[in-house]
Amino acid sequence: MTDPKVMSLDERRAALDVISKEVRACAKCELHSGRTLAVPGAGRPDAELMFIGEGPGYHEDQQGLPFVGASGKYLGELLALIGLTRNDVFITNVIKCRPPANRDPLPGEIDTCVPAYLNRQIEIINPKIIATLGRFSMGLFFPPDTRITKVHGQPKRADGRIYFPLFHPAAVLRNLNLRPAMEEDFKRIKTLLTEAQQQAVVETPKPDDDPPFKQLSLF
Ligand code: URA
């Protein structure tokens with residue numbers, strides 16, 4: 001594969017389409033047997049900002065698109081707050097198929113799905129900012145005992161990009177007290193985008209227990 005840093009828009013789109021086709025036909029874990037449609041992700045193939053949610057819910061499973069239910073409507077409102085639309089970003093999930101009764105993803109499902117699909121999507125899109133939505137997505141890039149209530153809205157700079165942990169929109173819809181914090185965190189994305197566009201990202205010093213990002217295969 002061409003180094004994503006020098007890929008054209010069309011090359012990125014084509015490479016993402018290959019992954020989407022694989023996701024739609026995937027039978028690597030048991031979730032495939034209960035799904036209506038797998039949900040690979042959607043948005044700009046060269047997005048500077050990528051959102052990673054947890055996994056498809058009912059509406060996403062029906063439509064094959066990420067964040068199209070109540071959480072998605074709220075995500076759209078948050079994006080509008082900072083002058084963006086879904087077409088300006090790339091939105092995907094840790095796992096690509098809906099778990100039964102919307103239960104949490106199992107460790108085995110995450111370990112199977114992330115290297116097969118999400119890590120490749122990240123490599124191709126090569127976003128400047130990865131905004132994680134909820135604890136499962138945050139758990140891919142932050143140490144295991146990280147509390148979302150403590151670190152939301154605090155950017156971590158590593159691998160030449162910014163990882164930005166956010167509450168899951170569904171959690172905010174369930175607990176409206178989180179709304180002001182979520183909206184403040186979103187507004188910070190604007191500043192972070194300017195930072196990432198203007199200068200090389202200076203890494204945040206790593207604590208000893210930080211995951212080594214080995215899940216991202218390097219060239
Ligand atoms: N919640 C998620 O985590 N992802 C979706 O796509 C929809 C709801």
Side-chain angles (χ1 to χ4, degrees), residues 16 19-20 22-24 26 29 31-32 34-45 47 49-81 84-114 116-122 125 127 129-142 146-149 151-153 163-176 178-179 181-183 185-186 189 215:
L16 290 173
I19 297 174
S20 295
E22 289 176 33
V23 168
R24 292 206 176 92
C26 182
C29 85
L31 292 181
H32 82 278
R35 75 177 175 227
T36 311
L37 292 170
V39 182
R44 269 183 84 117
L49 173 60
M50 179 172 187
F51 288 90
I52 305 177
E54 180 177 318
Y58 173 82
H59 295 283
E60 292 76 24
D61 173 76
Q62 293 291 307
Q63 297 183 40
L65 291 168
F67 282 95
V68 288
S71 298
K73 183 166 176 282
Y74 181 43
L75 181 58
E77 288 167 18
L78 290 163
L79 283 168
L81 202 65
L84 296 176
T85 71
R86 297 172 66 105
N87 294 334
D88 297 316
V89 302
F90 193 90
I91 305 176
T92 188
N93 283 302
V94 173
I95 59 165
K96 312 301 193 199
C97 295
R98 182 188 182 212
N102 294 338
R103 66 154 167 73
D104 289 346
L106 300 175
E109 292 160 358
I110 296 173
D111 291 349
T112 303
C113 203
V114 167
Y117 306 120
L118 178 63
N119 288 350
R120 289 163 62 205
Q121 291 173 315
I122 293 171
I125 297 164
I129 301 178
I130 290 183
T132 61
L133 298 169
R135 65 194 166 98
F136 287 96
S137 172
M138 183 185 73
L140 299 180
F141 309 105
F142 289 79
T146 305
R147 303 294 300 262
I148 200 159
T149 45
V151 304
H152 73 89
Y163 295 91
F164 193 53
L166 295 167
F167 289 118
H168 194 288
V172 182
L173 292 177
R174 278 194 303 271
N175 177 1
L176 292 181
L178 298 177
R179 217 175 166 122
M182 185 68 158
E183 292 173 6
D185 291 351
F186 249 80
I189 291 177
Q215 70 269 43

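Whatever order the structure lists ligands and atoms in, that order sets their numbers, starting from 1.
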message: Below 3.5 Å, N or O to N or O, backbone or side chain included: is there any such pair between Ser71 and ligand 1?
response: no

query: Does an N or O anywhere in Phe67 fall below 3.5 Å from an N or O of ligand 1?
result: yes

- prompt: Could you go step by step and tell me if His168 and Phe67 meet the ring pair (Phe, Tyr, Trp, His ring centres under 6.0 Å) rule?
  reply: CA-CA 11 Å; His168 194 288; Phe67 282 95; 5.6 Å; yes

query: Got a sec, which residues hit side chain to side chain donor-acceptor pair (under 3.5 Å) with Arg174, two or more places apart in sequence or on another chain?
result: none

field: Charged N-O contact under 4.0 Å between Lys96 and Glu22
entry: no

What atoms of ligand 1 come closer than 4.0 angstrom to any heavy atom of [X]?
X: Glu54; result: 2 (C), 3 (O)
X: Pro66; result: 6 (O)
X: His168; result: 1 (N), 2 (C), 3 (O)

- prompt: Between Glu60 and ligand 1, which residue portion shows a heavy-atom distance shorter than 4.0 Å: side chain, backbone, both, or neither?
  reply: side chain

field: Selection residues 61-70 - residue pairs positive for salt bridge (Lys or Arg N to Asp or Glu O under 4.0 Å), sequence neighbours left out
entry: none

task: Apply the test side-chain contact (heavy atoms from CB on, under 4.5 Å) to residues Gln63 and Val39: give CA-CA distance (whole Å), side-chain angles for both, the deciding distance (0.1 Å), then the verdict.
output: CA-CA 8 Å; Gln63 297 183 40; Val39 182; over 6 Å; no

- request: Identify the two heavy atoms, one from Leu166 and one from Ile148, that lie closest to each other, and give their separation to 0.1 Å.
  value: O-CD1, 3.2 Å

Minimum non-hydrogen distance to atom 4 (N) of ligand 1, winning option of Ile52, Asn93, Asp61, Leu65: Asn93

statement: Note: heavy atom closest to atom 2 (C) of ligand 1, options Gly53, Gly55, Ala42, belongs to Gly55

